[in-house]
Amino acid sequence: MRRNAVLWPAVQTFPNAKGDKAQMVKVLEEAAEVYAAWQELDRGAADDPRELVDEAADLVQALSNLLSAYGCEDMRQAMFECHERNRKRGRF
């Protein structure tokens, strides 16, 4: 049975995250790798989602590093607000 939530642990961020263009490009690079892994699954070239999951973890790490560089240490309120926006749009 599929859950209606994805559980995440706290993400320890890199101490040298700067919030510069290179940090932002890393987020885009990791997102592209998630897309590539999804494409493999979608076209049937892969049947194990492990690569997708691994690339998604890398994306979360890169995004967390970027957010940390700008002083964001707690995404709970932002995720609650995102949930509320989606609920109001009828996505839940």
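Leu28 and Leu59 fall within a single hydrophobic cluster, where Ile, Leu, Val, Met, Phe, Trp and Tyr are joined by side-chain heavy atoms under 4.5 Å apart, directly or via other members. Criterion: ILVMFWY side-chain heavy atoms under 4.5 Å apart, direct or through other members. Under it, Tyr35 and Leu63 are part of a common hydrophobic cluster. In the hydrophobic clustering of ILVMFWY residues, with side-chain heavy atoms under 4.5 Å counting as a link, Val27 and Val60 come out apart. Hydrophobic clustering places Met79 together with Leu67 (ILVMFWY residues linked when any side-chain heavy atoms are closer than 4.5 Å, directly or through intermediates). Hydrophobic clustering (ILVMFWY, side-chain heavy atoms < 4.5 Å, transitive): Met24 and Met75 are in one cluster.
Considering Lys26, Lys18, Gln23 in turn, Gln23 is the only one that fulfils the side chain to side chain contact (heavy atoms under 4.5 Å, CB included) rule with Leu66.
Using a 4.0 Å cut-off between charged side-chain N and carboxylate O, Asp48 and Arg50 make no salt bridge.
Note: Phe80 CZ to Arg85 CZ = 11.0 Å, rounded to the nearest 0.5 Å.
Put simply, the side chain of Gln61 gets close to the backbone of Gln12: a donor and an acceptor are under 3.5 Å apart. In this structure, Asn86 contributes its side chain and Arg91 its backbone to no donor-acceptor pair below 3.5 Å.
The two atoms that bring Ala17 and Ala69 nearest to each other are O-CB, 3.7 Å, heavy atoms only. Here the closest heavy-atom approach between residue Arg87 and residue Phe92 is recorded as N-CD1, 3.6 Å.
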May I have the step-by-step check of side chain to side chain contact (heavy atoms under 4.5 Å, CB included) for Asp47 and Leu41, ending in yes or no? CA-CA 6 Å; Asp47 58 2; Leu41 289 167; 5.6 Å; no
